[in-house]
*Asks:* 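I'd like to ask you about the structure that follows.
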Amino acid sequence: MESAPLLIVARQPDPPGDFDTLIEALTRAGLQPYQARQRLIGSGLACLAQAPEERLQHLSTLVRQGGFHHWLITPPQDSPSPITLRSLEVANDTIRLIGREGELRLDRESRVVAVLADLSGAVQQRHVTKMMAQNAYRGAAAANGLAGDDLYRFILAQRPILDLHILAPDGSRSGMVRVFAGRFDPLGLGERKSLSSGGNLDALLGLLRERVAELRLHTDFGLAPIPGCRLRGSDDGLDVDKANLADLTRFGGIVSALAVATQLTAERGAPAAGAPPEREEVSSPLAANLPPPPDLAAIGHTPDVRRIAVCIAALAVGALFARRGSPVGSWLQQAIAQGWLQGITAVLCAAGAFHFWRLKRQIEELPTSRIRSMAMGLVEIQGRAERCYALASPLRHLPCIHFRLRKYRRDHRNRWSLYAETASGPVPFILRDATGAVRVDPRRATLLGVTSHEESGASRLFGDLEGERWVEEVILDGARLHIVGHARPLRDEHVSLRQRVGEALRQLKLDATRLRRYDTNGDGRIDGSEWDAARADIEQQQARAALATAPDGGYRAEVGAPPQRSLPFVIAAATSEAEVTGRLFWYSVALTTGALLALAWGGTIWIHP
Amino acid sequence: MWIVLIFVAVAALAGVYAIVCYNSFVAMRNNVDKAWSNIDVLLKQRFDELPKLVKVCEGYMQHERQTLEAVIEARSRISSARGEAAQRTAQNQLSETLKSLFMVVEQYPELKADRAFANLAARISGLEEQIADRREFFNDTVTLYNTRREQFPDVVIASLFAFTARELWRIDPAHRRDVEIDFKRG
């Protein structure tokens, strides 16, 4: 299969309008739709399929009709042995590239395909991180990651390797030079040489551009999904560097084959293959127009069952392991011996159990309202969360309406210890169901069902977290939420027709000029019938004025914390009320069990001191 | 001593449960009343909008006096209806006459194009949708209340303190009949 032809496409960040039609056609032709999307959307090159030529011809037709530039090539099976560059000499129109294994000459008629790559994995990390941030802040259409000049500069700042593939007149590769940054003598660069290894590679490329007939530069090794050309990590085992260099050579062979293959041009206008992406256009109006989050208020109180349990457990454990002679330890041991601590624990657990049971009943006894018709006061609604502000989680750059990031590191006793915590705070968001939308102010809300992610150790994706553990809780943008809270109007209710007419009549009485128009008999006074006519006219005018404008489409209400603390305010990431009440039920059961056990323990001591 | 303690604990728990249960019933009964009143709020708004609607239509629909008068008459019946059942019947009849009016409006393109009419029609349609939603909400609230008062052990508290069942908002049985669709013009 490795020798089977490849269909290489030039990806586009913003695919043509009937892209879905192309995906459907490719799916019918046997490709996975998700994989096809991945291979067509983005920047740089990608291998859409590797198969016998007849099948690829059919796919080629579909892709051409779909508006994508592409090539059909056979991957080269052999490759010239690379010369590792040690120095170079520039004389008249010739550049001598001198290596340990031999030397190569380039002149004005040479054609060179260059591949600039970083094998440390930093480019991939940065690419993914940037894509996530672009998606979170500017929408999916802007999520292109590292590309163009940014990618080039970033590679040069890492540990870059430059492969130069020299093409013979017949299109085959006549030679190959491998340049390791910092491992060749830059004297031959003359005035272009620099003190940085990346700068010297940049200078070398500049020199080649000036002195050879054609130089094609590729920077997407490790980012372009092409079979046999992947960047391995240190945990892949064996000799990773050797394997990566072999794949880099293979990648160079493929892109060299592209240089001589006939480009199969798209039927419709598509950006030139290999052209740098245009200035990123954001297609998601919501992401583009979102303001930054407001000044973060103090973290709202969110009763956490685990925190309560941990506090109680810490008290008990502290008492058990308190050293003899310490005042606190002896007080705790005395309290346990007399049963007081158990009694206090039982009371606290019972109070907690009662709180969650009562909350469960309140939620069960309140039917779910539709947003367009919800009444003011205590209300239960469900729908999908939407951001009002450009909020994204700090660890994974996920668009969200709430996040909390806790950072732990090992202390001197090798236990995880919390050393930093950040949270989004009570940032307002929108809840939308099938009938309408409402603003939600999450201050003082109890949050349930929050998604939690954890990263630790040497994470390839998020950088080195050696010795640390980061736990991020998020409620994602688009998550299904169930909210029980207090609805209040955001703006004054509309003024009634009677009030408008009354006000207009008052104004009329003060305006003698307008009033004179209704003096039909010209006696200088407005009698009863004339006043009735004026009133009818004003009513018509006000009715017309009220109906001339369509109803205001803004949010009419906001859901937030109730004025009485005894009423619930719950924001749960759940698909149904049953899920929320089920969770509260088990909290209540756990605390009730704790209360009964503590009571039994304490009761035993009291009865048999 | 153990038995006494257990008995006291069980009695205390039962007492707490009874108190919570009683308070729940009170809250649910008030929720039912509130849900009914919240429908009233929208019905009142619809009641107030209707004169505007009729005024706008009058100018265009010179030959549809019968339809307009039916709306006016249905509206006036609401004012004279006494009791929940009579109110519901009157409101249902008004909804029916409004549907007839909007069907007739289809024959008057100038009226349909009138901006004031379009805004008013949208407003009344919106109110009708909200009224339908609140009817469902009222029925949900009543169902929760009725179900809770019939379940054990809550039925004991409900019987002791005379929490009576509430009636759902039901539709006219005539509206359950299949609708005949006839495309032939009369």
Side-chain angles (χ1 to χ4, degrees), chain A residues 346 350 353-354 357-358 360-381 433-436 487 493-494 496-501 536 539-540 542-551 553 556 566-567 577 592 595-596 599-600 602-604 606-608, chain B residues 1-2 4-6 9 12-13 16-17 20-21 23-25 27-29 31-32 34-35 37-39 41-42 44-45 48-49 51-53 55-56 59 114-123 126-145 147-148 154:
Chain A
F354 179 75
W357 176 62
R358 194 160 153 267
K360 172 182 171 294
R361 274 184 83 102
Q362 282 176 321
I363 293 173
E364 281 172 342
E365 289 163 7
L366 192 59
T368 306
S369 301
R370 295 201 178 106
I371 288 176
R372 75 176 164 204
S373 59
M374 69 177 187
M376 300 299 112
L378 190 65
V379 71
E380 182 177 312
I381 49 177
D433 72 359
T435 63
E493 295 300 323
H494 74 281
S496 71
L497 182 63
R498 179 183 286 198
Q499 285 172 306
R500 285 177 195 266
V501 168
E539 278 180 3
Q540 274 283 354
Q542 291 304 315
R544 287 265 164 206
L547 296 172
T549 51
R556 67 178 183 96
S566 60
L567 293 177
E577 182 184 289
T592 303
L596 289 173
L599 189 63
T604 309
W606 294 329
I607 293 170
H608 304 290
Chain B
M1 184 65 173
W2 263 113
V4 169
L5 268 177
I6 290 170
L13 277 173
V16 166
Y17 184 83
V20 169
C21 202
N23 290 343
S24 279
F25 275 120
M28 290 174 79
R29 185 178 58 193
N31 282 344
V32 170
K34 182 185 165 190
S37 298
N38 284 337
I39 299 176
V41 167
L42 293 178
K44 174 83 170 52
Q45 284 185 29
D48 289 343
E49 300 284 336
K52 292 185 238 173
L53 178 71
K55 265 198 183 341
V56 172
D114 182 87
R115 193 170 172 188
F117 175 82
N119 288 340
L120 188 53
R123 170 116 177 101
L127 280 172
E128 291 286 348
E129 284 170 354
Q130 289 183 54
I131 290 168
D133 287 349
R134 290 204 181 170
R135 281 183 189 169
E136 279 185 38
F137 183 83
F138 171 78
N139 284 345
D140 283 345
T141 312
V142 167
T143 303
L144 279 171
Y145 170 75
T147 305
R148 187 60 69 91
D154 297 2

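Letters A, B, ... mirror the listed sequences (proteins, then strands); counts begin at 1.
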*Asks:* Can you measure from CD (Glu364(A)) to OG1 (Thr147(B)) and round to the nearest 0.5 angstrom?
*Replies:*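 Between Glu364(A) CD and Thr147(B) OG1, I get 11.5 Å after rounding to 0.5 Å.
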*Asks:* For Lys44(B), is the NZ atom crowded, meaning more than 12 foreign heavy atoms sit under 6.0 Å from it?
*Replies:*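 No, the 6.0 Å shell around NZ holds no more than 12 heavy atoms from other groups.
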*Asks:* Taking Glu136(B), Met28(B), Arg148(B) one by one, which has the highest count of heavy-atom pairs under 4.5 Å against chain A?
*Replies:*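 That would be Arg148(B).
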*Asks:* By a 4.5 Å heavy-atom criterion (distance strictly below it), what part of Asp140(B) contacts chain A: side chain, backbone, both, or neither?
*Replies:*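 For Asp140(B), heavy atoms of backbone and side chain both lie under 4.5 Å from chain A.
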*Asks:* Drop me the distance from Leu144(B)'s CG to Leu366(A)'s CG, to the nearest 0.5 angstrom.
*Replies:* 8.5 Å
*Asks:* Which atoms form the tightest heavy-atom contact between Ser24(B) and Glu365(A), and what is the distance?
*Replies:*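 Nearest heavy atoms, Ser24(B) then Glu365(A): OG-OE2, 3.1 Å.
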*Asks:* Under the salt bridge (Lys or Arg N to Asp or Glu O under 4.0 Å) rule, collect the residues that match up with Arg372(A), sequence neighbours excluded.
*Replies:* Glu129(B), Asp133(B)
*Asks:* Could you pull out the closest heavy-atom pair between Ser369(A) and Phe137(B), with the gap in Å?
*Replies:* OG-CE1, 3.1 Å
*Asks:* Stepwise, does the side-chain contact (heavy atoms from CB on, under 4.5 Å) test hold for Cys21(B) with Arg361(A)?
*Replies:* CA-CA 10 Å; Cys21(B) 202; Arg361(A) 274 184 83 102; 4.2 Å; yes
*Asks:* So, Arg134(B) and Ser373(A): side-chain donor and acceptor under 3.5 Å apart, yes or no?
*Replies:*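 No, because no side-chain N or O of Arg134(B) sits under 3.5 Å from a partner of the opposite role on Ser373(A).
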*Asks:* Any heavy-atom pair between the side chains of Arg370(A) and Gln130(B) that's under 4.5 Å?
*Replies:* no
*Asks:* So, do Val16(B) and Phe354(A) sit near enough that their side-chain heavy atoms are less than 4.5 Å apart?
*Replies:*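 Touching, per the 4.5 Å side-chain cut-off.
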